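If you're wondering where the values come from, they're calculated on a predicted model, not measured in any experiment. Atoms considered below: every heavy atom in the structure, side chains included; atoms not considered: hydrogens, waters and symmetry mates.
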Amino acid sequence: MNKKSVISLFVMVIAMVMFSSCAKLPQVEIDNANAAIAEAEAASAAIYVPAALNAVKDTLNAALEEIEVQKSKLFKSYKAPKAQLVSVVALAADVKVQTEARIAELKAQIQATLDETTALNNENKELVAKAPKGKGGTTVLMAIKGEIANIETAVAESANFENSENLNVNLANVQALKEQATSINTELKTVIEKFQSRK
Amino acid sequence: MRKRSVRRLIIVAFIFVLIGTGAYALYKISTNEPPVEEIRKARENISKANVKKADKFAKDDLKKSMALYDSAMVHWERENEKFILFRDYTKVREFANESVRLSSTASQKASSSSDKLKTEVKKELADLKSRIDHFKRNFDKLPGDRIWKQFNAGKLKYEEAKAAYDHGELLEARKKLDTAKPKIDYCYKEATAILEKYFEAYPEWQRISNAAIKQSRSNHNQAIIVDKFARKCYLYSKGELIEIFHVDLGRNWMGSKNHSGDLTTPEGSYKITDKKERSRTKYYKALLLNYPNEEDKKRFQANKKNGIIAKNKSIGGLIEIHGEGGQGADWTEGCVALANKDMDRLYAKTSVGTPVIIVGSLKPLNTLFQ
């Protein structure tokens, strides 16, 4: 082996080592993925589609782990984690869309339930006027009137749900109001029906 | 010649060093595995804990686990910045393994807390529903806006708690229950206190009703006893019960009458002073009572003196047992109302001077509730 070959071999080895460390870290893709997840979180995905958000974050973490795996190697390739990070951006955008859709759905449900409760409550007021006073006595009728008034107040308060932090809670609350109004409605109708059949 | 040998020796030595270093490097690389499995396991365990809602039921453990995972990643990144031969992943593995341990704990705690809370809330919802139904059944005759307002508010919170439970929002259901229960408890406490105070007069009610029955027996005449709580009018003849009628009372029936317009049916010993029918009454038939009696007058004066009644109030009068009742409601301004067909029978069997005893209850308080 002559001097030239040894030096060439040496240079080749050094060059291989240097070039193997030169694969570029997909920092832009990492930043884009983080930004996309931050947008989904800002849209309240954690409240409305928590499982989907956690799945996206999991995918991001898997991509970051893969990056470190590649960094650990002599010959790095960030092709796979780069592709994962690009998919994270798409997934996070989808999560944001899902969140917005869920919020719109909840708002529509809440408004519909409030409208139904108001209609029931108005009907209940008319039924109370028609109810025979023998409906358990004045005290019970007064209690029912009190419940109707309470429901009316609660409906008015619940109407301000646009900026609520958690519409799931608002929906449960208005469904409870509707449940109460329905129960009063059934009670009054049963009593009026019995009274009319006796006449 | 000598120079060429030395040069050859140096080159061979250099090649051996290079090969030796290369072999050592390869050895180090092959034995210093990056902590891929440990990190992956830590991440997956955190995901599992999230599925179990550890973020709600084992927040602290999950938070610490996530912090340890982040620390593991940061350390891994740091070690990867170093030259390959100087990397040491021991710390990274320690963080990752500790993260796995904590997230496993968080998962277990979350499962057990969530199950426990679900059972707890389910039972408390059933108990509270039972108390609400019981209160409505037993205290429905109780007048008083304040109690019913609280009751309705408590009932509404119960419905919200139930709706939250049905939606799987256990913590929200717990919160609503904690608001509902004190309201219903307050209603029970207040209602019980009101009734206990009212029933302090029970011994006197018992005494005057027994005396009236005894007198009816000894005088061979009629006596009327009105039991306000039961909404019943009992007609005795010669000490024997001969008729029972349902009655309607004043809207504010509980207690003894204090003044005109208080809508209370008076309590005490009275008698029929007049019998009216046709154009003499707008209530079909009526039996006028001698309210206020002497006791009523004394109480009225005392109450005025003590400032319990306003100076401009009058004692009231024209308390009757009359018809147009049978509405099942307390609608009168203090009179006792019977259905017309019942009024016919009572009217026929009584006369001016017939004793009329009006009491809160003929039964003691502890026997009255279902």
Between [options], which has the largest tally of heavy atom pairs under 4.5 Å with chain B?
options                              : answer
A:Ala62, A:Gly146, A:Pro50, A:Ala154 : A:Ala62
A:Asp58, A:Ile67, A:Ile151, A:Asn54  : A:Asp58
A:Glu65, A:Glu179, A:Gln180          : A:Glu65

Of all residues at least two apart in sequence or in a different chain, which pass the side chain to side chain contact (heavy atoms under 4.5 Å, CB included) check with [X]?
X       : result
B:Glu77 : A:Glu68, A:Lys71, B:Glu81
A:Ala33 : A:Leu60, A:Leu85, A:Val88, A:Val89
B:Glu37 : B:Arg40

Proximity of residues 155-167 of chain B to chain A, residues having a non-hydrogen atom under 4.5 angstrom: B:Lys155, B:Leu156, B:Glu159, B:Glu160, B:Ala163, B:Ala164, B:His167

Distance only, no hydrogens: is a donor on one side chain within 3.5 Å (strictly under) of an acceptor on the other, for A:Glu66 and A:Gln84?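 There is no such pair (donor and acceptor under 3.5 Å, judged by atom type) between the side chains of A:Glu66 and A:Gln84.
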
Region of [X] that comes under 4.5 Å of a non-hydrogen atom in chain B:
X        : value
A:Asn173 : both
A:Asn168 : side chain
A:Ala149 : neither
A:Val69  : both
A:Leu64  : both

Is it true that atom CD of A:Gln109 has more than 12 heavy atoms of other residues, nucleotides or ligands lying nearer than 6.0 Å?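 More than 12 heavy atoms, drawn from other residues, nucleotides or ligands, come within 6.0 Å of this atom.
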
Using side-chain heavy atoms (C-beta onward) and a distance below 4.5 Å, is A:Phe161 in contact with A:Leu114?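 A:Phe161 vs A:Leu114: side chains touch.
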
A:Glu100 and A:Tyr48, any side-chain heavy atoms less than 4.5 Å apart: no

Donor-acceptor pair, distance only, cut-off 3.5 Å: does the side chain of A:Lys76 make one with the backbone of A:Lys73?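 Indeed, once roles are kept as given, a pair shorter than 3.5 Å links the two residues.
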
side-chain hydrogen bond (donor to acceptor under 3.5 Å, both in side chains) between A:Asn150 and B:Asn152, worked out: CA-CA 7 Å; A:Asn150 262 18; B:Asn152 289 334; 5.5 Å; no

NZ/A:Lys125 to CG/A:Leu120 distance, rounded to the nearest 0.5 angstrom?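 Between A:Lys125 NZ and A:Leu120 CG, I get 12.5 Å after rounding to 0.5 Å.
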
Let me confirm one number: the NZ-CG distance from A:Lys178 to A:Asn121, rounded to the nearest 0.5 Å.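 Going from the NZ atom of A:Lys178 to the CG atom of A:Asn121 covers 13.0 Å.
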
With chain A as the partner, which of B:Ile39, B:Asp55, B:Val36 has the greatest number of non-hydrogen pairs under 4.5 Å?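 Looking at each option in turn, the highest pair count goes to B:Ile39.
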
What part of B:Arg87 gets closer than 4.5 Å to chain A, counting heavy atoms only: side chain, backbone, both or neither?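 Contact with chain A involves the side chain of B:Arg87 alone.
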
Could you look at B:Tyr89 and say if it's the side chain, the backbone, both or neither that has a heavy atom under 4.5 Å from chain A?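 Only the side chain of B:Tyr89 comes within 4.5 Å of chain A.
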
